[in-house]
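Below is one structure, written out as structure tokens; comments come after it.
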Amino acid sequence: MNAMMLCYALLIGLALPLGLYMGRALDTDRSSVMDRLFGPVESVLMRLAGVDRRASMTWSAYLLAVLKLHLLLIGLAWIVFMSQGLLPLNPDGIPGMNWDTALHTAVSFATNTNQQHYSGQAQLSYLSQTLAIVTLQFLTPATGLAVLLAITRTLLKRQITGATTSTTVSTNAPTTPAGRGVGHDSVDHYSVGNYSVGHYYVDLTRIVVRVLLPLSLVVALVLVWQGVPATYQGAQSVTMLDGGAAQVIPRGPVAPMVAIKQLGTNGGGWYGPNSTVPLENPTGLANLVETIALLLIPVATLIAVGVISGRRRLMMGIGAVMIAFSLITTTLIVVSERLPNAALAGLAVEGSPNLEGKEVRFGSDLSALWGSWTTQTSNGSVNAMHDSFNPLGGLGLLMDMFVNVTFGGIGVGLIGYLLYLMLAAFIGSLMIGRAPELFGKPLETREMRWISLAILAQPLIILGLTAITVAFPALTGNSNPGFHGLSQVLYEYTSAFANNGSGFEGLGDGTPWWNLTCVLALAVGRFLPMLVPLAVAGWLMEKRTAPQGRGTLSLEGGAFVGLTAGVIVIVNLLGFLPALVLGPIAEQLTLP
């Protein structure tokens, strides 16, 4: 437990200054020293991309820009994966992927999931890893944070009274529908009222240049120092010390990929077994750095949004709920993995923790901590095999992904929390006898219909695909026909929808059925919960703000914070408790 508390302390200590930095660096309404430092580089990139950095988008144009870029990226990555055998930077002669595995891989990395139905070092060339995989590992977390910034400007940011406006509209900027007040603020962003929507490509560039690249450079250098490979040379053949046959050790530019893998809540590793491989995670310091990197930017994002929006109390309440959820599930998983493995009764040392599938260098506590934090975000990287966790440990991992807002992925974790906050605001307003509203804007049928769809899509997709798959054993490919077999299938679809990417790896998931059904879960799980709040924020922005009165529901008070936490727990328990009873809970109850 001491190691767990140390990691939490280091996480908060590093996230505070990073969040303050991000709040200033990403706020387009205030100039800062970062504009002079990074501005020239961003200007060149904008010119090369043909983007007018002074223009702005409506919320619908922002949403369409996200979808169009991701469709383009998926198509390009799909082609690279299938044709890598004909392309350069392939010293080990790796052939192209099958079309279905290539499609799954492209969609998986384009949705910030990094779910791998292949073994990285054996089935991807250096070109595929660096050009396709690493590019997506930068752009997809940046997209989640960019959409959060757009929602922050339109919905969360406190309205500035007395802002100077102008009716001048640039021909390069998308305009709002006729009849709605369009102004021009002090930083050349077109806005409705006093809220600037921003520009997707400008936000994307700022996040990559000012946040992800500098942090990744620092982490990559630390990992290289600790022994993680960073080379474009091919695999190395070495002779074993006992004089046996030569062993082939795959190498590559591993350290840069591992850095953004951890920082970007990506999770897909260079090697198939991920950070259980000493070449990805060679020392205790490397393991500590990679563990902290799991949650660093998601926690810092709360602070950054508080700085940009001015709603510090709201972000503190949200952070308190997330930390409470995190501590509960992390404690459950750590305690579970301190228990012996029932399958090894009589074989292992009596009273020893569950070390099956774990690196003895890290032990049960640090493995359980990593497992908990990687499922609290949309990361999914591992330093131990989750399939070998005790049933209660597996239950904790699943609950982390069902909730999916305990920090969550970069940007999208807080966006997902806002979905539950909107639902809680609707319920809370009715409970105090007022018309439902959010920040003074009325919540009406259109908004609640889409909010409900975004929340209910998770159990519908996960449980629906799980039921179909287990109904046809020939499709399942699981290694365990019992309760754990159901957990394997449930975990795979949960991981896909939660954009997590980890798995109970006793599953034969490299088949067209698994690839294509997971593509469905990946796409719906990424874009529906991310883009629906952007649309709702846009709709609410177009409505008049009602003045606050004595009966107005306070979203920053302790009562509402508790209500939102209760809504999150109740919705997920109602949706998934029966499946958990048939899976990990039943497995736990049958153990001797």
Side-chain angles (χ1 to χ4, degrees), residues 29 56-63 147-163 165 175-183 185 189-198 305-306 308-315 317-318 405 411 414-455 528-557 559-561 563-564 567-568:
D29 290 343
S56 184
M57 293 178 170
T58 61
W59 70 264
S60 56
Y62 204 104
L63 186 152
V147 174
L148 176 61
L149 290 176
I151 295 172
T152 299
R153 297 185 190 112
T154 55
L155 182 65
L156 297 180
K157 197 161 191 176
R158 293 190 185 277
Q159 187 169 357
I160 303 172
T161 58
T165 59
T175 57
T176 57
R180 295 190 181 129
V182 181
D185 64 20
H189 281 286
Y190 293 93
S191 58
V192 179
N194 293 320
Y195 292 98
S196 171
V197 177
V305 171
I308 295 172
S309 67
R311 298 187 183 273
R312 291 174 174 82
R313 285 190 61 195
L314 177 63
M315 291 302 113
I318 293 174
V405 296
L414 185 51
I415 292 173
Y417 191 99
L418 292 177
L419 273 174
Y420 289 107
L421 184 144
M422 293 172 184
L423 179 59
F426 179 81
I427 296 171
S429 297
L430 295 178
M431 290 174 66
I432 62 173
R434 288 181 62 91
E437 63 177 33
L438 183 70
F439 302 120
K441 308 280 190 175
L443 282 170
E444 298 175 307
T445 303
R446 178 175 59 176
E447 291 82 30
M448 293 312 304
R449 181 184 296 120
W450 282 97
I451 291 169
S452 301
L453 176 62
I455 292 175
L528 194 63
M530 180 174 67
L531 297 180
V532 164
L534 176 60
V536 171
W539 293 328
L540 294 179
M541 179 182 63
E542 298 163 0
K543 300 180 180 182
R544 295 186 61 180
T545 303
Q548 292 191 352
R550 294 178 60 185
T552 301
L553 180 67
S554 173
L555 304 186
E556 299 177 350
F560 184 78
V561 169
L563 175 63
T564 307
V567 167
I568 294 171

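Here the side chain of Arg153 pairs a donor or acceptor atom with the backbone of Val197 at under 3.5 angstrom. No side-chain donor-acceptor contact under 3.5 Å links Lys543 to the backbone of Lys441. No side-chain donor-acceptor contact under 3.5 Å links Arg434 to the backbone of Leu553. A donor-acceptor distance shorter than 3.5 angstrom exists from the side chain of Thr154 to the backbone of Ile151, with no hydrogens or angles considered.
With rounding to the nearest 0.5 Å, the separation of CG in Leu314 from CG in Leu555 is 6.5 Å. With values rounded to the nearest 0.5 angstrom, Trp539 atom CH2 is found 11.5 Å from Leu443 atom CG. Once rounded to the nearest 0.5 Å, the distance linking CH2 of Trp59 with CG of Leu531 reads 10.0 Å. Of the inter-residue distances, the one linking Tyr420 atom OH with Ile318 atom CD1 reads 14.0 Å to the nearest 0.5 angstrom. The distance from atom CG of Leu540 to atom CD of Glu437, rounded to the nearest 0.5 Å, is 10.5 Å. Between atom OG1 of residue Thr152 and atom CG of residue Leu414 there is a gap of 7.0 Å, rounded to the nearest 0.5 Å.
For the side chain to side chain contact (heavy atoms under 4.5 Å, CB included) criterion with Pro533, the lone passing option out of Val147, Leu421, Leu148, Leu419 is Leu419.
Taking the side chain as every heavy atom from C-beta outward, Leu438 and Glu447 never approach each other to under 4.5 Å. Looking at Val405 and Ile568, their side chains come closer than 4.5 Å, going by heavy atoms from C-beta outward. You'll find the side chain of Thr564 reaches within 4.5 Å of the side chain of Tyr417, heavy atoms only.
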Would Met422 and Leu155 count as a side-chain contact (heavy atoms from CB on, under 4.5 Å) here? Give the steps. CA-CA 11 Å; Met422 293 172 184; Leu155 182 65; 3.8 Å; yes
I would like to know whether Leu156 and Leu418 meet side-chain contact (heavy atoms from CB on, under 4.5 Å); could you show each step before the answer? CA-CA 10 Å; Leu156 297 180; Leu418 292 177; 4.3 Å; yes
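Minimum interatomic distance between Thr545 and Phe439 (heavy atoms only, all atoms of both residues): CG2-O, 3.9 Å. The shortest heavy-atom contact between Ala150 and Tyr62 is CB-CZ, 3.8 Å. Closest of all the heavy-atom pairs between Ser429 and Ala435 is CB-O, 3.8 Å. Between Val567 and Ala424, the shortest heavy-atom contact is CG2-CB, 4.1 Å. Heavy atoms only, all atoms of each residue included: Ser554 and Phe560 are closest at O-CB, 3.3 Å.
Between Asp29 and Lys157, at least one side-chain nitrogen of the basic residue sits less than 4.0 Å from a carboxylate oxygen of the acidic one, meeting the salt-bridge criterion.
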